[in-house]
Protein chains: 2
Amino acid sequence: MKGRRRGADLEAALLEAAWTELTERGYGGLTMEGVANRAGTSRPVLARRWNDKAELAIAAIRQQMAKHPMAVADHGDLRTELLEYLELASTRAKGIAAVFTLFSSEYFQDTSSTPQDLRTALLAGGKETLRALLDRAVERGEILEQNLAPPVDTLLGVLFRHHVLMTFSPPPEALRTAWVDRIFLPLVKNHKESRNSDE
Amino acid sequence: MKGRRRGADLEAALLEAAWTELTERGYGGLTMEGVANRAGTSRPVLARRWNDKAELAIAAIRQQMAKHPMAVADHGDLRTELLEYLELASTRAKGIAAVFTLFSSEYFQDTSSTPQDLRTALLAGGKETLRALLDRAVERGEILEQNLAPPVDTLLGVLFRHHVLMTFSPPPEALRTAWVDRIFLPLVKNHKESRNSDE
DNA sequence: TTATTAAGATGCATGAATGTATCTTGACTT
DNA sequence: AAGTCAAGATACATTCATGCATCTTAATAA
């Protein structure tokens with residue numbers, strides 16, 4: 001029995017509806033009318049705020065990121081924090097997958113940008129969560145700075161993202177610990193970077 | 001100056017046109033009319049053979065895979081073969097990225113399948129190229145079978161695919177060698193799987 | 001209370017893509 | 001050489017989403 005929504009209230013509700021539509025139907029299935037219906041309003045209200053499907057979608061994504069910041073507390077132990085990071089990320093798998101459907105249809109054609117571009121644009125300003133974890137571990141002396149050279153430092157994020165993109169579902173706990181214990185940690189733990197190891 | 005195409009000839013030309021459209025415009029921008037125009041024919045000819053955009057797209061992908069098999073010769077050295085594998089794969093980055101645009105729009109909604117599902121369906125029968133390389137290396141005694149446990153064995157493929165999906169472009173040579181020398185080989189080379197390494 | 005502003009409902013024209021039916025014409029078969 | 005079948009061209013109706021214009025009504029401010 002609530003009255004007529006206005007301003008910021010309304011806008012938040014619209015973006016929430018857009019987000020739900022995006023996750024349920026993907027970017028291709030996202031329509032202005034669909035969002036309007038779900039929000040219990042009509043298209044003109046949407047049209048007054050956003051021009052494109054793309055604008056609306058990105059605004060919706062921004063709102064979700066603002067609502068649920070990815071924060072991993074300092075536990076004094078790298079392994080613990082990495083697992084928590086992956087667990088936290090897993091709860092958002094559906095949303096992440098939905099975001100990537102942006103690049104299917106027209107979006108990446110029109111803007112000629114890549115998922116990487118969007119990712120950096122959305123993360124602009126805030127340092128990456130994963131990077132923060134690793135820096136803390138370096139300060140604690142758990143790992144060596146030099147073992148975090150470019151392809152390695154982002155490895156866990158890559159593994160997670162790839163899994164989500166390929167399966168549209170979060171990685172199970174067993175897989176996450178395997179990534180940490182059998183891939184990432186062995187690479188960064190102090191095994192005195194043996195360059196030109198053999199041959 | 002060529003006459004009217006028929007049967008298999010025509011079909012191959014149609015699939016070739018579809019593939020080009022798919023790589024240039026992505027799945028979202030793929031239209032029956034666009035393919036017909038590019039193939040120099042009209043929509044009814046397409047409609048007689050495939051019902052969906054999806055059917056057409058998958059048939060086009062199949063034809064490309066058949067035309068360009070991913071074959072890496074036995075060079076007696078794992079590292080050489082891995083680099084050749086990644087180099088070969090890189091030449092197809094554009095196509096691979098295009099294939100994944102399938103899962104943006106409607107396809108994955110309608111079929112409720114995942115990119116993983118499609119991948120396994122397309123690879124059905126033939127063993128994976130990467131897996132073949134690794135098995136050969138195990139036989140040669142270059143690496144230990146036990147170091148190829150599940151999350152590690154497919155690691156290079158994961159890294160490659162993730163890069164292509166995120167940037168829509170092939171990984172540069174420097175990045176490929178970094179994957180091999182600083183991530184994959186260190187993990188599989190005989191460092192006597194130290195389980196419960198420390199703590 | 002009154003005035004202003006935007007929410008919300010409705011209607012209409014448009015454009016893109018598709019499905020389908022029809023018809024002509026070229027190529028292959030016997 | 002005649003007949004058959006599919007290629008290729010064209011046309012029409014349909015569907016879906018969008019853009020825009022209009023009008024009523026509710027909420028907020030003066």
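Keep in mind that what you see is a predicted model, and the values were worked out from it rather than measured. These numbers come from the heavy atoms of this one structure, side chains and all, not from hydrogens, waters or symmetry mates. To find a chain, count down the sequence lines: A is the first, B the second, and so on, and within it residues start at 1.
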Query raised in the report: Salt bridge or not for B:Arg49 and B:Glu55, using N-O below 4.0 Å?
Result: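 Result for this pair is no, no salt bridge flagged.
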**Report entry** Ion pair check, A:Arg38 and A:Glu33, cut-off under 4.0 Å
**Finding:**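 No salt bridge links A:Arg38 with A:Glu33.
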Whole angstroms only, please: what is the [atom1]-[atom2] distance between [X] and [N]?
X       : N      : atom1 : atom2 : answer
A:Leu56 : D:dG19 : CG    : P     : 11 Å
B:Asp9  : C:dC28 : CG    : C1'   : 13 Å
B:Asn37 : C:dA17 : CG    : P     : 11 Å
B:Glu21 : C:dA17 : CD    : C1'   : 14 Å
A:Lys53 : D:dG19 : NZ    : P     : 11 Å
B:Met32 : C:dA17 : CE    : C1'   : 10 Å
B:Glu33 : C:dA16 : CD    : C1'   : 9 Å
A:Arg25 : D:dC16 : CZ    : C1'   : 14 Å

Report task. List for me each residue that meets side-chain hydrogen bond (donor to acceptor under 3.5 Å, both in side chains) alongside A:Glu84, sequence neighbours excluded, and say none if there are none. Result ->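 Partners of A:Glu84 under the side-chain hydrogen bond (donor to acceptor under 3.5 Å, both in side chains) test: A:His75.
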**Report entry** Verdict with reasoning, A:Asp74 to A:Arg140, per salt bridge (charged side-chain N to carboxylate O under 4.0 Å, His left out)
**Finding:** CA-CA 11 Å; A:Asp74 188 332; A:Arg140 281 195 298 259; 2.9 Å; yes
If we ignore hydrogens and angles and just use 3.5 Å, is the side chain of [X] paired with the main-chain N or O of [Y] as donor and acceptor?
X        : Y        : result
B:Thr154 : B:Gly157 : no
A:Gln116 : B:Thr167 : no
A:Lys53  : A:Tyr27  : yes
A:Thr101 : A:Ala97  : no

Measure all distances between protein nitrogen or oxygen atoms and nitrogen or oxygen atoms of nucleotides 13-15 of chain D, and list the pairs falling under 3.5 Å.
none

Query raised in the report: Among side-chain atoms of B:Gln63 and B:Glu11, is any donor-acceptor pair under 3.5 angstrom?
Result: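 The criterion, which ignores hydrogens and geometry beyond distance, is not satisfied for B:Glu11 and B:Gln63.
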Query raised in the report: What bend angle does the helix from C:dT1-D:dA30 to C:dT30-D:dA1 show across its length, from five-pair end axes and to the nearest 10 degrees?
Result: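 The value is 20°.
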Requested in this report: Using a heavy-atom cut-off of under 4.0 Å over every strand shown, decide if B:Asn51 touches base, sugar-phosphate, or nothing.
Outcome: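 Result for B:Asn51 = sugar-phosphate.
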**Report entry** Residues that A:Arg182 engages under salt bridge (Lys or Arg N to Asp or Glu O under 4.0 Å), provided they are two or more places apart
**Finding:**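 Result, salt bridge (Lys or Arg N to Asp or Glu O under 4.0 Å) vs A:Arg182: none returned.
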Report task. Go through the structure and list residues passing salt bridge (Lys or Arg N to Asp or Glu O under 4.0 Å) with B:Glu173, not counting sequence neighbours. Result ->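 None.
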Report summary line: Per-nucleotide protein contact along nucleotides 5-15 of chain C, 5' to 3', at a 4.0 Å heavy-atom cut-off (B base, S sugar-phosphate only, - neither), is BBBBBBB----
